[in-house]
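Start at 1 and go down the list; that is how both ligands and their atoms are numbered. Index from 1, following the sequence. All of these numbers come straight from a predicted model, not from anything done at the bench.
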Amino acid sequence: MNHRYRLATVALHADASSPEEAGSPLAPPIVQSSTFAFPGLPELDRVMSGEVGGYYYSREGNPNAQALAAVVAALEGHPCGVACASGMAALAATVLALAREGDHVVSAREVYGGTRTLLGEELGRLGIGTSFVPGTDADRFEAAVNSHTRLIVCETLSNPTLRLAPIPDLVEVARRRKLHLVLDNTFATPVLLQSASLGVTLTLHSATKYLAGHDDVTAGVVTGTAEQLSRIGRLVARLGASLDPFAAWLALRGLRTLPLRVERQCANAMGLARWLAGHPRVARVHYPGLPEHPQHHLAARLFGGRFGGMLSLELAGGEAAVDRMIRRLRLVRLAPSLGGVSTTVSHPLRSSHRYLPAEELEALGISGALLRVSVGIESLADLVEDFEQALAE
Ligand SMILES: *Cc1c(COP(=O)(O)O)cnc(C)c1O
């Protein structure tokens, strides 16, 4: 697309193929084929050498995966993207493409549990060391940089206490120290924060969450510059971490409504956060849209007045009260994921963070009393009523 369209339009039209043949399908067909046929050797050679565009083997590239990646890249304002089998595949391919044995990574300590174990355990085993630092302070990231550091890894919004990465400062640190900054924008989505507008040149998503948005597909996407993405894309193919065509098709179908869904999720989350904050049995609510959030002003500045669909709450009665409330909820289900159209809750201590030692849990502010809510697109009044009856004496 040459014209600069706005986000909701980009989500629908960024993959449009033109010029159109008469009678071509408006919805993209699912190209459920593992390989592609050629009339003869010169034609095969031209595609395999990259001289002309085209497909030959789906692990190396497929129209559905490519369309998904192109739309996510357009939403982030990046020239290129690669779709992967999951968010973890996207992260693994990104780090392995950009770092080698002996290199060093500086990561926010609050990152997703899978990210933490991939960096801290698996890549550590391969000789790529990681220092984990408190994720809200760019000086702590810079202090951990050494002569072997290649990458900074952070998440726009942390899980589960919803703290913001100081992205403009981290962009500066990465530029000054000549590092790759990898931003996991899963929680914020491009609706809240478009990477390119802040100078972030490498972004990844668990498309399993908001991008696909319907709890029915596992997928990941990396977006960035052509140079970075050619290395990452090659590694995705070599590792076999490519996305299946049907999963890509489902994710792109979900992505069409991302801006609509996230606007509604932000509005619902703000309403629910305010209501919960006023409830006598709720000890604390973590939501960047509330004025008491320690980074409320940064969130307002970076996210253009929206604050996302994720919130966490702490119940005065501790873990027993949390379990009682979960059992009494009628619409809202306990499920360890997020970003779908229906509201779900998860309990970090008993799921995503269950393997962390006690002192780290304390540093991250995670106790049995903490419950994370992924707010969906239901009617807000029904959500409030559900929490109200579940919290009743
Ligand atoms: C879920 C998640 C991941 C991992 O994505 P998968 O699709 O489950 O592999 C990475 N980062 C964040 C922030 C996530 O929420």
| Quick one: does Arg253's side chain get under 4.5 Å of His214's, heavy atoms only? | no

| remark: The salt bridge (Lys or Arg N to Asp or Glu O under 4.0 Å) partners of Glu314 (sequence neighbours excluded) come to none

| query | How would you list, by chain and number, every residue that makes a salt bridge (Lys or Arg N to Asp or Glu O under 4.0 Å) with Arg301, sequence neighbours excluded? | reply | none

| request: Establish, from distance only, whether the side-chain atoms of Ser242 and Arg59 form a donor-acceptor pair under 3.5 Å. | output: no

| request: Among Glu110, His293, Glu155, find the one that has a side chain to side chain contact (heavy atoms under 4.5 Å, CB included) with Arg163. | output: His293

Mind listing the N or O contacts between ligand 1 and protein, cut-off under 3.5 Å?
{"residue": "ligand 1", "atom": "5 (O)", "partner": "Ser206", "partner atom": "OG", "Å": "3.0"}
{"residue": "ligand 1", "atom": "7 (O)", "partner": "Gly87", "partner atom": "N", "Å": "2.9"}
{"residue": "ligand 1", "atom": "7 (O)", "partner": "Ser206", "partner atom": "OG", "Å": "2.8"}
{"residue": "ligand 1", "atom": "7 (O)", "partner": "Thr208", "partner atom": "OG1", "Å": "2.6"}
{"residue": "ligand 1", "atom": "9 (O)", "partner": "Gly87", "partner atom": "N", "Å": "3.0"}
{"residue": "ligand 1", "atom": "9 (O)", "partner": "Met88", "partner atom": "N", "Å": "2.8"}
{"residue": "ligand 1", "atom": "11 (N)", "partner": "Asp184", "partner atom": "OD2", "Å": "2.7"}
{"residue": "ligand 1", "atom": "15 (O)", "partner": "Lys209", "partner atom": "NZ", "Å": "2.8"}

| task | Kindly write out the residues that satisfy salt bridge (Lys or Arg N to Asp or Glu O under 4.0 Å) with Arg354, not counting sequence neighbours, or none if the list is empty. | result | none

